[in-house]
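Position 1 is the first residue of the sequence; numbering continues from there. All ligand and atom numbering here is 1-based and tracks the order in the structure.
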Amino acid sequence: MKVKNICCIGAGYVGGPTMAVIAQKCPEINVTVVDINEDRIAAWNNEDVEKIPVYEPGLPAVVKEARGKNLFFSTNVDAAIDAAELIFISVNTPTKTYGIGKGMAADLKWIELCARQIARVSRTDKIIVEKSTLPVRTAAALREILDNTGNGVKYQILSNPEFLAEGTAIQDLLNPDRVLIGGDVQSTEGQEAISALSGIYEKWVPKSKILTTNVWSSELSKLTANAFLAQRVSSINAMSELCEVTGADVTEVAKAIGMDSRIGSKFLNSSVGFGGSCFQKDILNLVYIAQSFGLKEVAEYWEQVIIMNDYQKKRFAANIIQTLYNTVSGKKITILGWAFKKDTNDTRESAAIYVVDHLLNEEANITVYDPKVQSEQIFSDLDYLKSRSKEANRSNLKVVHDPYEACKNSHAIAVLTEWEEFKGYDWERIYQNMLKPAFVFDGRNLLDIQELIKIGFVPKGVGKPEFMESFAAKPAMVG
Ligand SMILES: NC(=O)c1ccc[n+]([C@@H]2O[C@H](COP(=O)([O-])OP(=O)(O)OC[C@H]3O[C@@H](n4cnc5c(N)ncnc54)[C@H](O)[C@@H]3O)[C@@H](O)[C@H]2O)c1
Ligand SMILES: O=c1ccn([C@@H]2O[C@H](COP(=O)(O)OP(=O)(O)O[C@H]3O[C@H](CO)[C@@H](O)[C@H](O)[C@H]3O)[C@@H](O)[C@H]2O)c(=O)[nH]1
């Protein structure tokens, strides 16, 4: 089948960048990204490409090249479905906040709505591509909805999970480690659908990197990949606490183990805890699936990754309180970075939200600076937790657009996102304007601790020994 028109339902962090790259690489295909969120679509259509709703390095240039030629953003979902031979479903699949599976299972409400809309509107055969991250066997539910309309339209359902990471989305899309396509490999129609989708990626991805599996393997591989990645972060974070109490340095430990080619050096940065819209949601979903099949040990094994991550965030906040003489009440604490990682304006599940919530419970006065996150977003992240009134959040937290202003007169600074610009600040100037002792809690091990000490700061990294003690000073074995 020759694909001439693609529709993507969902103009979010995945749908937008992914379709922009497909449109750029396949100028002969019309790509229409649709969404029910009118503001979002309007932002994607903003004449100034720097004002599109997703901040992602390199994305404005790609959008500029394709938008209006073969890349379109629209709220007319029906028209785009009708015109397309291939439809990506890239809508949100957050953790359920109600009913059975609350707090664990993926909420597939939006996926089902898409399927019903496709079933209602379609008049010609279509390939439906699961781009959203979904529980294994979701394709079976989609098939049931689509095949029960009785209008004779034939559907092929493919799973094509997305592995891009925010902040590096364009590079990840242009040069993916692999593209995974799950489909009905047994039937001719299934194979045709797989090669139609593969043909799109082959425009820029080497065929050797395009992997075909059955649908269930593809769906489950996405959850597995995220579980393995998050597990590495929780594993190194577990070691960080052991480092702090023994005098080992987690960066040195990570380097030493990472040089073992079986372990590998990536994704071993100890931190204040992982955030983002995916890791927690996908692991909870995995745990829920394992539980529903009665696999208690499997579920408990993966749940520990989340438990460790929650602990790391709490531990970080508790360390600030303890270091500030067991009280932060009325003290100004400056937060550098609110996004869940650098180079994105996304704050979903950012560790900063939970650390600050904890500090606000202790009556701290918080000032936040983030180069890309809007103040309304910061307040709405805190309001969502419902820990206190909206008014209390606004009176105890200030968002400031100048980092030096943010740090002025503060008792402590906490670095919660690894934005590059933090490294280049005039830390001498920041020190002069802070209360002494000037504490810096580096939740990303981003800053040069030795430099900070030279200036006069009292810095604390994650998994960093507080002072180098002699080998003989403490007994090596405990108890
Ligand atoms: N964010 C990431 O880095 C990332 C990476 C890989 C996979 N994923 C997965 O991709 C999916 C989408 O993630 P996202 O971060 O882009 O989410 P998002 O919330 O940024 O975007 C989803 C969009 O879908 C729209 N939508 C929901 N229901 C709709 C409907 N019925 N019709 C039209 N539009 C609808 C929403 O309005 C929203 O704009 C999720 O399943 C996620 O787990 C995300
Ligand atoms: O060594 C590390 C690596 C990451 N993180 C943190 O882990 C979180 C997630 O980071 P990252 O994985 O880089 O970003 P995401 O955009 O969440 O991407 C993950 O989630 C996506 C959504 O499913 C997948 O597509 C990607 O492959 C997967 O990396 C962030 O808070 C990071 O700061 C660490 O603390 N230490």
Test of ring centre spacing under 6.0 Å for Trp302 and Phe228: yes

Within reach of ligand 1, part of Ser277 (heavy-atom separation under 4.0 Å): side chain

Test log, rule side chain to side chain contact (heavy atoms under 4.5 Å, CB included), inputs Lys131 and Asn160: CA-CA 5 Å; Lys131 187 48 112 179; Asn160 173 221; 3.0 Å; yes

For atom 17 (O) of ligand 2, the protein heavy atom that lies nearest, with its residue and separation: Phe340 CE1, 3.4 Å

Worked check of side chain to side chain contact (heavy atoms under 4.5 Å, CB included) between Lys281 and Thr93: CA-CA 9 Å; Lys281 148 178 98 70; Thr93 50; 3.2 Å; yes

Closest protein heavy atom (residue, atom, distance) for atom 31 (N) of ligand 1: Cys114 SG, 3.8 Å

Geometric N/O contact Asp282 with ligand 1, under 3.5 angstrom: no

Minimum side-chain heavy-atom gap Asn269-Val233 below 4.5 Å: no

Atoms in ligand 1 with a heavy atom of Ser90 nearer than 4.0 Å: 12 (C), 22 (C)

Nearest-option assignment for atom 12 (C) of ligand 1, heavy atoms, candidates Thr18, Leu164, Val91, Asn226: Val91

Ligand 2 versus Val233: contacting region, heavy-atom distance under 4.0 Å: side chain

Atom 30 (C) of ligand 1 [closest protein heavy-atom partner, distance rounded to 0.1 Å]: Ile36 CD1, 3.9 Å

Distance-only donor-acceptor check, side chains Asn151 and Thr149, under 3.5 Å: yes

Given Glu420, Glu418, Glu56, Glu421, the one that forms salt bridge (Lys or Arg N to Asp or Glu O under 4.0 Å) with Lys342: Glu420

Test of proximity, Val14 against ligand 1: N or O pairs below 3.5 Å: yes

Ligand 2 contacted by Lys222 (non-hydrogen, < 4.0 Å): yes

Nearest neighbour in protein (non-hydrogen) for atom 19 (C) of ligand 2: Phe279 CE2, 3.4 Å

Interfacing atoms of ligand 2 (cut-off 4.0 Å, heavy-atom, Glu166): 16 (O)

Salt bridge Arg315-Glu244, side-chain N to carboxylate O under 4.0 Å: yes

Atom 13 (O) of ligand 2 - nearest protein heavy atom and its distance: Lys341 NZ, 2.8 Å

Verdict with reasoning, Val34 to Asn76, per side chain to side chain contact (heavy atoms under 4.5 Å, CB included): CA-CA 7 Å; Val34 291; Asn76 194 341; 5.8 Å; no

Taking atom 27 (O) of ligand 2 as the reference point, the nearest protein heavy atom with its distance: Phe163 O, 2.7 Å

Ligand-residue contact atoms, ligand 1 with Thr93, heavy atoms, under 4.0 Å: 40 (C), 41 (O), 43 (O)

For atom 20 (O) of ligand 2, closest protein heavy-atom neighbour: Cys278 CB, 3.5 Å

Proximal atoms of ligand 2 relative to Ser271 (non-hydrogen, under 4.0 Å): 34 (C), 35 (O)

Nearest neighbour in protein (non-hydrogen) for atom 43 (O) of ligand 1: Lys281 NZ, 2.5 Å

Any donor-acceptor N or O pair under 3.5 Å, side chains Asn237, Tyr311: no

Option whose closest heavy atom lies nearest to atom 7 (C) of ligand 1, chosen from Thr133, Asn285, Asp172: Thr133

Test side chain to side chain contact (heavy atoms under 4.5 Å, CB included) applied to Ile81 and Ser122, step by step: CA-CA 7 Å; Ile81 291 174; Ser122 297; 3.9 Å; yes

Any side-chain donor near an acceptor of the partner, Tyr301 and Gln231, under 3.5 Å: yes

Arg67 to Phe73, cation-pi by 6.0 Å centre distance and 45° axis angle: no

Within reach of ligand 1, part of Pro161 (heavy-atom separation under 4.0 Å): neither

Heavy-atom check, side chain of Phe439 versus side chain of Ile333, under 4.5 Å: no

Top protein contact for atom 14 (P) of ligand 1, by heavy-atom distance: Tyr13 N, 3.9 Å

Ligand-side contact atoms (ligand 2) for residue partner Gly275, heavy atom cut-off under 4.0 Å: 8 (C), 9 (C), 30 (C), 31 (O)

Any donor-acceptor N or O pair under 3.5 Å, side chains Asn345, Tyr13: yes

Donor-acceptor pair between Gln377 and Asp381 side chains, under 3.5 angstrom: yes

Where ligand 1 meets Trp110 - atom numbers and elements under 4.0 angstrom, heavy-atom basis: 27 (C), 28 (N)

Option among Asn445, Asp442, Thr251 that satisfies the side chain to side chain donor-acceptor pair (under 3.5 Å) test with Lys464: Thr251

Shortest heavy-atom approach to atom 2 (C) of ligand 1 - which of Arg348, Glu166, Arg40: Glu166

Contact check, Gln117 vs ligand 1, heavy-atom distance below 4.0 Å: no

Protein residue, atom and distance nearest to atom 32 (N) of ligand 1, heavy-atom basis: Ile9 CG2, 3.4 Å

Heavy-atom nearest neighbour in the protein, as seen from atom 1 (O) of ligand 2, with distance rounded to 0.1 Å: Asn269 N, 2.8 Å

Best match, Asp35, Asp39, Asp346, Asn37: closest heavy atom to atom 36 (C) of ligand 1: Asp35

Closest protein heavy atom to atom 29 (O) of ligand 2, given as residue, atom name and distance to 0.1 Å: Leu229 CD1, 3.7 Å

Geometric N/O contact Phe274 with ligand 2, under 3.5 angstrom: no

Glu162 neighbourhood, listing ligand 1 atoms whose heavy-atom distance to it stays under 4.0 Å: 6 (C), 7 (C)

Pairing of Lys423 and Asp448 as salt bridge, 4.0 angstrom limit: no

Best match, Asn445, Val272, Val462, Asn226: closest heavy atom to atom 23 (O) of ligand 2: Asn226

Protein heavy-atom partner closest to atom 27 (C) of ligand 1 - residue, atom, separation in Å: Asn92 OD1, 3.2 Å

Contact check, Arg444 vs ligand 2, heavy-atom distance below 4.0 Å: yes

Closest approach of any protein heavy atom to atom 12 (O) of ligand 2, naming residue and atom: Phe267 CZ, 3.1 Å

Polar contact flag, side-chain donor to acceptor under 3.5 angstrom, Asp35-Trp44: no

Main-chain N/O of Ile194 paired to Ser198 side chain as donor or acceptor, under 3.5 Å: no

Trp419 and Tyr55 aromatic ring geometry - parallel, tilted or perpendicular at 30°/60° bounds: tilted

Min N/O separation Lys131 to ligand 1 under 3.5 Å: no

